[in-house]
Structures are given as structure tokens and as C-alpha cells.
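The shown structure was predicted, so the numbers you read here are calculated from the model rather than taken from an experiment.
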Amino acid sequence: MQEKSFKTMRSVGGASIALGIIMIISGLVCGILTIVNGGRLLKEKSDHLF
């Protein structure tokens, strides 16, 4: 019974670590894209008059 619990904990722990790494990478990519797009908007600010 304990062996089954340890196998389950090991697989869940590995999946949690993998998911955490994926979330960190996707967060960095989203942040970089947001900064780049914001910079492009500021660069072309004088072209757009409302």
C-alpha cells in the first residue's frame, strides 16, 4: 500500500515541476512580447493623433 503512495507522489511531483517550468517560460515570453509591443507603440506615438 505504501509503495503505491510513493509512486503516485513521485509522478505527481515530477508533473508539478514540469508544469512549473512551462509556466515560468510562458510568463517570460508573454512579458517580453508585451514590452516589445509597448515599445513599438511608444515609438509610433507621434504618428497617431486622436
Look at atom CE of M9 and say whether more than 12 heavy atoms of other residues, nucleotides or ligands are closer to it than 6.0 Å. yes

Presence of salt bridge, R40 and E44, under 4.0 angstrom: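 Here E44 does not pair with R40 in a salt bridge, since their nearest N and O are not under 4.0 Å apart.
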
Quick one: [atom1] on [X] to [atom2] on [Y], what's the gap to the nearest 0.5 Å?
X: I24; Y: L19; atom1: CD1; atom2: CG; answer: 10.0 Å
X: S5; Y: R10; atom1: OG; atom2: CZ; answer: 12.5 Å
X: L28; Y: L33; atom1: CG; atom2: CG; answer: 11.0 Å

